[in-house]
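By convention in this document, chain letters (A, B, ...) are assigned in the order of the sequence lines, proteins followed by strands, and residues within each chain are numbered from 1.
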Protein chains: 2
Amino acid sequence: MFSKSCKYAIRAVLHLAAFTAEERKLGVQALADSLEVPKHFLGKILQELSRQGIVSSAKGPTGGFFLSDADRQAPLSRVVEAIDGPEVFSSCILGLPVCGADNPCPLHFQALEYREALQEIIEDRSIAQVVEGALEKDLKL
Amino acid sequence: MFSKSCKYAIRAVLHLAAFTAEERKLGVQALADSLEVPKHFLGKILQELSRQGIVSSAKGPTGGFFLSDADRQAPLSRVVEAIDGPEVFSSCILGLPVCGADNPCPLHFQALEYREALQEIIEDRSIAQVVEGALEKDLKL
DNA sequence: AATTTAAAAGACAAAAACATCTTTTAATCT
DNA sequence: AGATTAAAAGATGTTTTTGTCTTTTAAATT
């Protein structure tokens with residue numbers, strides 16, 4: 001489904017959304033500890049997310065990563081697109097390059113429902129909404 | 001979603017289901033040509049599928065791969081399990097080792113629908129049924 | 001029995017994904 | 001200004017996935 005990098009990215013962004021703000025940043029070390037993922041690898045991912053304007057960051061003492069209010073409004077799919085690329089959503093489930101309604105693969109029509117379910121998870125909800133829902137249910141982030 | 005090997009495997013099995021039988025086998029070369037996938041790589045995959053009893057094969061002249069009537073009755077999920085492992089269905093969408101209804105990840109409940117859609121595609125239909133449906137719709141296999 | 005055909009098996013190679021380490025840059029604090 | 005802190009950037013290493021090639025084994029045909 002998602003690559004490992006992408007899974008880390010999603011978890012990191014949700015965690016940042018829940019626990020940080022402009023005045024309350026989190027360093028890679030702290031974040032890596034919380035998520036129990038390799039520090040340097042996470043650093044690379046955050047770097048890319050930062051470059052793409054999905055998370056915010058500041059250097060130096062009191063620096064770190066955080067999610068601005070604007071950052072929170074983005075759909076979760078932006079994170080996925082940033083790391084795994086936009087193909088994840090649209091590409092054929094059997095990897096055929098020309099699969100579509102006109103030239104469908106053997107699973108094309110069955111796969112539509114799966115496609116929609118996927119969209120509901122990551123395209124239809126903003127980062128803020130996902131976190132809100134999770135906090136309501138007392139889920140760990 | 002599925003690994004490349006797994007995508008090849010599914011396509012190969014469906015093709016074999018549509019065009020072969022005990023008396024009408026297909027060699028790796030011919031199959032690779034039809035599916036437009038690398039011959040030797042496909043060979044490896046078929047070897048594994050054969051070892052696991054998902055496809056049938058015969059050596060020597062007039063040899064090749066085919067699907068017996070019994071082979072056809074298996075659900076598509078057997079192919080997926082054989083190549084990508086059984087985890088694909090049950091594992092957490094964010095890769096958390098302990099994600100479940102009791103200790104759910106931030107996307108656990110949203111992911112349920114996606115899970116079900118996925119099951120409907122590969123667990124609820126036999127290979128024979130998928131091929132039948134595809135042939136009815138004139139889809140290329 | 002000898003030859004041919006094609007899968008089975010295993011060794012090997014390239015690419016991508018995953019992960020770590022070091023250096024540089026920029027910001028803060030004293 | 002100098003020291004310190006932490007992200008940015010880049011180099012490097014490891015593992016997994018993907019792909020190729022060669023040898024072996026078994027079956028059929030002559």
Side-chain angles (χ1 to χ4, degrees), chain A residues 1-12 16 20 22-33 35-68 71 80 82-85 87-88 94-95, chain B residues 1-12 16 20 22-33 35-68 71 80 82-85 87-88 94-95:
Chain A
M1 176 66 234
F2 302 133
S3 71
K4 218 162 183 179
S5 300
C6 191
K7 290 172 184 170
Y8 289 169
I10 295 173
R11 294 179 57 208
L16 288 176
T20 69
E22 178 107 40
E23 339 76 58
R24 186 182 167 74
K25 310 184 188 69
L26 217 51
V28 204
Q29 183 68 67
L31 189 53
D33 288 349
L35 301 180
E36 299 183 84
V37 305
K39 172 189 167 180
H40 288 107
F41 192 32
L42 181 63
K44 278 286 168 201
I45 295 166
L46 288 169
Q47 192 179 311
E48 180 63 23
L49 291 174
S50 170
R51 217 180 49 72
Q52 295 205 30
I54 292 165
V55 307
S56 304
S57 73
K59 291 183 177 182
T62 78
F65 294 91
F66 65 98
L67 247 68
S68 70
D71 291 338
V80 177
I83 304 298
D84 280 353
E87 305 303 288
V88 187
L94 292 183
Chain B
M1 173 68 235
F2 302 133
S3 71
K4 217 160 184 179
S5 300
C6 191
K7 289 173 184 170
Y8 289 170
I10 295 173
R11 293 180 58 207
L16 288 176
T20 69
E22 178 105 41
E23 339 77 57
R24 186 180 167 75
K25 309 184 189 69
L26 217 51
V28 204
Q29 183 68 68
L31 189 53
D33 288 349
L35 302 181
E36 299 182 83
V37 305
K39 172 187 166 181
H40 288 108
F41 191 31
L42 181 62
K44 277 285 169 201
I45 294 166
L46 287 169
Q47 192 179 312
E48 180 63 24
L49 291 174
S50 170
R51 216 179 50 71
Q52 295 206 31
I54 292 165
V55 307
S56 304
S57 72
K59 289 184 179 181
T62 78
F65 293 92
F66 65 98
L67 247 67
S68 70
D71 291 337
V80 177
I83 305 297
D84 279 352
E87 306 302 288
V88 187
L94 292 183

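Nearest heavy-atom pair, A:A9 versus A:I83, reported as atom, atom and distance to 0.1 Å: CB-CG1, 3.8 Å. The nearest pair of heavy atoms linking B:L31 to B:L26 is CD1-CD2, 4.1 Å. What you find for A:L67 and A:I54 is that their closest heavy atoms are CD1-O, 4.2 Å.
As rounded to whole Å, 17 Å separates atom C1' of D:dA7 from atom CD1 of A:I54. Separating the CD1 atom of B:I83 from the P atom of D:dG19 is a distance of 14 Å, rounded to the nearest angstrom. Here C:dA9 presents its P atom at 13 Å from CD of B:Q52, a figure rounded to the nearest Å. Atom CD1 in A:I45 sits roughly 15 Å away from atom P in D:dA7 (whole-Å rounding). Per the geometry, CD belonging to B:Q47 stands 14 Å off C1' belonging to D:dT20, to the nearest Å. Protein atom CZ of A:F65 is 9 Å distant from nucleotide atom C1' of D:dA6, rounded to whole Å. Between B:L42 atom CG and C:dA8 atom P the separation is 12 Å, expressed in whole Å. If you measure from atom CD of B:E48 to atom P of C:dA9, you get 10 Å, rounded to the nearest angstrom.
Listed by chain and number, the residues in a side-chain contact (heavy atoms from CB on, under 4.5 Å) with A:K44 are A:Q47 (sequence neighbours excluded). Every residue two or more places apart in sequence or in another chain that forms a side chain to side chain donor-acceptor pair (under 3.5 Å) with B:S3 is listed here: B:D84. Residues forming a side chain to side chain donor-acceptor pair (under 3.5 Å) with B:S56 (at least two apart in sequence, or on another chain): B:D71. Residues that satisfy the salt bridge (charged side-chain N to carboxylate O under 4.0 Å, His left out) test with A:E22, not counting sequence neighbours, are absent from this structure. For B:K7, the side-chain contact (heavy atoms from CB on, under 4.5 Å) partners are B:F2, not counting sequence neighbours. A search for ring pair (Phe, Tyr, Trp, His ring centres under 6.0 Å) contacts involving B:Y8 returns B:F41, not counting sequence neighbours.
Taking for each of A:K44 and B:L46 the nucleotide of DNA chain C with the nearest heavy atom, the 5'-most of the two is the partner of B:L46.
Under the ring-ring contact (aromatic ring centres under 6.0 Å, His included) criterion, no residue pair touches residues 46-68 of chain B, with sequence neighbours excluded. Residue pairs meeting the salt bridge (Lys or Arg N to Asp or Glu O under 4.0 Å) criterion with at least one partner in residues 50-64 of chain A, sequence neighbours excluded, are A:E48-A:R51.
Contact annotation: A:S57 reaches the phosphate of D:dA8 (side-chain N/O to OP1 or OP2, under 4.0 Å).
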Close N/O contacts between protein and nucleotides 14-18 of chain C (under 3.5 Å):
from   : atom 1 : to   : atom 2 : distance (Å)
C:dC18 : OP1    : A:K4 : N      : 3.1
C:dC18 : OP2    : A:S5 : OG     : 3.4

### Summary
With sugar-phosphate taken as primed atoms, P, OP1 and OP2 and all else as base, the protein-contact string of nucleotides 22-29 of chain D at under 4.0 Å (heavy atoms; B, S, -) is B--BBBBS
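Of all the residues in residues 23-31 of chain B, not one reaches under 4.0 Å from DNA chain D with any non-hydrogen atom.
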